[in-house]
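The chains referred to below are lettered A, B, ... by the order of the sequence lines, with proteins before strands, and numbering in each begins at 1. The structure displayed is predicted, hence computed values, not measured ones.
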Amino acid sequence: MDIVTAHDRPNTVAEAIEIQETLRGLVELEDRCPQEIVTVTGLDVAYDEESDLIAAAAVTLETAGFRVVEKRTVVSEVSFPYEPGLFAFRELPSLIDALRALDHTPDLLICDGHGLAHPRRFGLACHVGVVTGLPTVGVGKTRFIGEHAEPGRERGARTPLTDGGEVVGTVLRTQDGVKPLYVSVGHKISLDNACRQVLRLCPAFRQPETTRHADRLARDTLKEALAR
DNA sequence: GCGACAG
DNA sequence: ATCTTGTCGC
């Protein structure tokens, strides 16, 4: 698929923050998802502290049946340290390369990190969305910012995630009794639709099928790369 | 100044 | 993210 916007590689924390402040203005909040979301791509990475290697995976599924239709992986060296609020700069280069290698452009991207639920309202999901021009959803496993009430224990239960008086995401229970997921808008999708899609992608487990596939593929790819 | 802090 | 055994529950 084509990548519409080039992404900068900052050399300092201050530079990275500056880039976020600039790109945040490009996030589109209007839902521009197709009526029928046929394919969804899950993104995830795996790291190796010793070698500084990072393996990124992009797996595209058909929403009807969750069949894998395409998958790509990329192994490279990390170029930015982990910094809360800036970790997009660590994963972005590899993720974008994996996406670029896809033959078909998906209808939606599911990211393993927050979107608007970020200190500067520009988490990984927003960054991926702006760079690809595609609708993206941010799915976090733990809270980063904001406050929220505990959602009911049943699948589908949710409570708003608020920060500084504004709703920045939704705390969504994707299975009965499991820890909830933190869903937030990345780009070109409404929070309501984002939750609907995430719930649809979680028919049996806590995490979306897309993320589960990408997570496993990234891990296996890294292990294979380290074995040689 | 003291905690909190996506992956 | 990753390091890790046993163990509770379906």
Side-chain angles (χ1 to χ4, degrees), chain A residues 7 10 13 16-17 19-20 23-24 27 42-58 73-96 98 109-130 136-148 153-155 161-164 168-172 174-187 191 194 198 203-208 210-227:
Chain A
H7 48 287
V13 166
I17 292 176
I19 292 174
Q20 289 187 331
L23 296 182
R24 62 185 291 188
V27 172
L43 302 170
D44 201 4
V45 302
Y47 300 104
D48 179 60
E49 224 177 316
E50 297 304 304
S51 62
D52 249 14
L53 286 182
I54 176 176
T73 60
V74 167
V75 176
S76 49
E77 245 175 56
V78 290
S79 56
F80 202 83
Y82 171 68
E83 197 78 47
L86 301 176
F87 100 97
F89 295 102
R90 214 171 144 68
E91 308 193 343
L92 208 57
S94 315
L95 289 176
I96 296 305
L109 257 34
I110 303 294
C111 303
D112 67 317
H114 301 285
L116 293 178
H118 175 279
R120 287 172 294 280
R121 305 291 183 268
F122 196 71
L124 173 69
C126 296
H127 210 143
V128 171
V130 166
T136 59
V137 172
V139 178
K141 295 181 288 296
T142 60
R143 187 197 72 90
F144 185 22
I145 61 154
E147 308 90 47
H148 67 87
R153 79 169 296 284
E154 343 72 59
R155 167 185 156 85
L161 177 66
T162 59
D163 182 60
V168 295
T170 297
V171 184
L172 178 66
T174 55
Q175 292 294 320
D176 292 357
V178 304
K179 281 173 47 178
L181 250 33
Y182 293 76
V183 179
S184 59
V185 168
H187 190 52
L191 182 55
V198 169
F205 300 99
R206 180 193 180 220
Q207 294 228 69
T210 40
T211 302
R212 300 184 68 238
H213 277 281
D215 182 83
R216 186 170 54 70
L217 180 56
R219 204 169 307 213
D220 291 348
T221 300
L222 179 62
K223 186 177 293 182
E224 188 181 307
L226 291 173

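- In this structure, A:Gly85 reaches the bases: a heavy-atom distance under 4.0 Å links it to at least one base atom across the strands shown.
- Rounded to an integer number of Å, the gap from A:Phe89 CZ to B:dA6 P is 17 Å.
- Residue-level contact check: A:Leu86 touches the bases, meaning some heavy atom is under 4.0 Å from a base atom.
- Shortest non-hydrogen contact noted between A:Ile54 and A:Arg90 is CD1-O, 3.8 Å.
- Atoms OG1 and CG, from A:Thr170 and A:Leu181 in turn, are 11.5 Å apart once rounded to the nearest 0.5 Å.
- Remark: DNA chain B forms no stem of 3 or more consecutive Watson-Crick or G-U wobble pairs with all pair distances under 3.5 Å.
- A:Gln207 has its CD atom 15 Å from the P atom of B:dA6, to the nearest Å.
- Between A:Gln207 atom CD and A:Gln175 atom CD the span is 11.5 Å, to the nearest 0.5 Å.
- Regarding A:Ile145, its CD1 atom lies at a distance of 17 Å from the P atom of B:dA4, rounded to whole Å.
- In this structure, of B:dC5, B:dA6, C:dT2, it is C:dT2 that holds the atom nearest to the side chain of A:Arg219.
- One interatomic measurement links the two molecules: CG of A:Asp176 to P of C:dC10, which rounds to 12 Å at whole-angstrom precision.
- Between the CD atom of A:Glu147 and the P atom of B:dC5 there is a distance of 12 Å, given to the nearest Å.
- In terms of phosphate contacts, A:Lys141 brings no side-chain nitrogen or oxygen within less than 4.0 Å of OP1 or OP2 of B:dA6.
- Taking atom CG on A:Asp112 and atom P on B:dA6, their separation rounds to 13 Å, with Å as the unit.
- The CG atom of A:Asp44 sits 8.0 Å away from atom CZ of A:Arg219, with the distance rounded to the nearest 0.5 Å.
- A sub-4.0 Å separation between OP1 or OP2 of B:dG7 and a side-chain N or O of A:Arg90 is absent.
- A tilted orientation is assigned to the rings of A:Phe80 and A:Phe89, their planes being inclined by 30° to 60°.
- Among the heavy atoms of the strands lying under 4.0 Å from A:Ala46 are primed sugar atoms or P, OP1, OP2 only; no base atom is included.
- Distance A:Asp44 CG to C:dT2 C1': 13 Å, rounded to the nearest Å.
- Closest contact between the side chain of A:Tyr47 and the listed nucleotides B:dA4, B:dG7, B:dA6 involves B:dG7.
- Relative ring orientation between A:Tyr182 and A:His148 is described as perpendicular, the plane-to-plane angle rising above 60° on a 0-90° scale split at 30° and 60°.
- If you take CD of A:Glu50 and C1' of C:dA1, they are 14 Å apart, rounded to a whole angstrom.
- Both stacking criteria are satisfied for A:Phe144 over the base of B:dA6: a centre-to-centre distance under 5.5 angstrom and an angle between ring planes under 30 degrees.
- Between A:Val45 and A:Asp112, the shortest heavy-atom distance links the atoms N-OD2, 4.4 Å.
- Stacking annotation: A:Tyr82 is stacked on the base of B:dG7 (ring centroids less than 5.5 angstrom apart, interplanar angle below 30 degrees).
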